[in-house]
Amino acid sequence: AVFIGSWIIYVQYSTYTELCRGHDCKKHICDRYKKGIIDGSACESLCVKEALYFGKCLSTNPNNQMYLGFWGNLQGVIKCQMEETLHLDFGSEPEPRKEIALFEKPTRGTTVQKFKEMVYRLFKTKLGDHGSLPELVNLILSAADGNKDGHVSLPEAKSAWALVQLNEFLLMIILKERSEEH
């Protein structure tokens, strides 16, 4: 009975440690921040000021890490797409990694106007042609300026571009704007 109980505790612990790797998630985010791939006030708070904290693990998949996060008096969910484990198949070409593709745009030399057009085209494709698209694009550009210096840097634009690919992020922005109207 002691052996079976110990085995159950070990299996549950090893499953939890595989699912919940907050230190790996933080390292993953901070590595990209330090390389200039992503940017924003949350990155600075997590990686430099250490004022954004990982709380309870909400993960159900080791490659999609989710944690309750605390940032001052704010509470939210921190998500981290961990790298996929490699499955070697020597008979086929490897698939391009989605995560890297998210941060490939915009490229160096892209103007703010060009970035604005990219976001507009994406929204038009995702949401259809609505009169409120320019307003939504301006909201995204405002949110992209994480340090509020009046300029959108390349890492800030790459972070915003990766976020606007997520329907969940778009829904949050739209609902936030709607709640402020009422």
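Computed from a predicted model, the values in this text were never measured in an experiment.
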Listed partners of [X] passing side chain to side chain contact (heavy atoms under 4.5 Å, CB included), at least two apart:
{"X": "L163", "answer": "L166, F169"}
{"X": "E50", "answer": "K26"}
{"X": "A42", "answer": "L52, W71"}
{"X": "L68", "answer": "K56, L58, F70, Q75"}

[atom2] on [Y] to [atom1] on [X], rounded to 0.5 Å:
{"X": "H151", "Y": "E156", "atom1": "NE2", "atom2": "CD", "value": "10.5 Å"}
{"X": "H28", "Y": "R21", "atom1": "NE2", "atom2": "CZ", "value": "10.0 Å"}
{"X": "L133", "Y": "F123", "atom1": "CG", "atom2": "CZ", "value": "8.0 Å"}
{"X": "K158", "Y": "S153", "atom1": "NZ", "atom2": "OG", "value": "10.5 Å"}
{"X": "S45", "Y": "L74", "atom1": "OG", "atom2": "CG", "value": "10.0 Å"}
{"X": "S41", "Y": "D145", "atom1": "OG", "atom2": "CG", "value": "10.0 Å"}

Taking every heavy atom of S59 against every heavy atom of N64, the minimum-distance pair comes out as OG-O, 3.8 Å
Which heavy-atom pair separates I140 from A160 by the least distance, and what is that distance?
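The answer is CG2-CB, 4.5 Å.
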Between T110 (side chain) and F115 (backbone), is there a donor-acceptor pair under 3.5 Å?
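No; judged by distance alone, with no hydrogens or angles, the pair does not exist.
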Is a donor on one side and an acceptor on the other found under 3.5 Å between the side chain of K126 and the backbone of Q165?
yes
Find out if a path of hydrophobic residues (ILVMFWY) with successive side-chain heavy-atom gaps under 4.5 Å connects V164 to L127.
yes
Counting C-beta onward and ignoring hydrogens, is there a side-chain heavy-atom pair between Q65 and K79 closer than 4.5 Å?
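They are not in contact (no side-chain heavy atoms under 4.5 Å apart), so the answer is no.
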Restricting to disulfide (SG to SG under 2.5 Å), what partner residues turn up for C47, sequence neighbours left out?
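Only C30 meet the disulfide (SG to SG under 2.5 Å) criterion with C47.
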If you draw a 6.0 Å radius around NZ in K148, do more than 12 non-hydrogen atoms from other residues or ligands fall strictly inside?
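Atom NZ in K148 is crowded, with more than 12 foreign heavy atoms closer than 6.0 Å.
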Taking NZ in K114 as the centre, count heavy atoms belonging to other residues, nucleotides or ligands within less than 6.0 Å. Is the count above 12?
no
Test side-chain contact (heavy atoms from CB on, under 4.5 Å) applied to Y33 and L46, step by step
CA-CA 10 Å; Y33 173 67; L46 177 67; over 6 Å; no
Between K116 and Y120, is a side-chain contact (heavy atoms from CB on, under 4.5 Å) present by the stated rule, with each step listed?
CA-CA 6 Å; K116 194 173 182 176; Y120 182 86; 5.9 Å; no
For the pair K27 and D31, find out whether any cationic side-chain nitrogen is under 4.0 Å from an anionic carboxylate oxygen.
yes
Among residues at least two apart in sequence or on other chains, which ones pass ring-ring contact (aromatic ring centres under 6.0 Å, His included) with F54?
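Checked F54 against ring-ring contact (aromatic ring centres under 6.0 Å, His included); matches are Y67.
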Can you check side-chain contact (heavy atoms from CB on, under 4.5 Å) on L136 and V119, steps first, answer last?
CA-CA 9 Å; L136 185 57; V119 173; over 6 Å; no
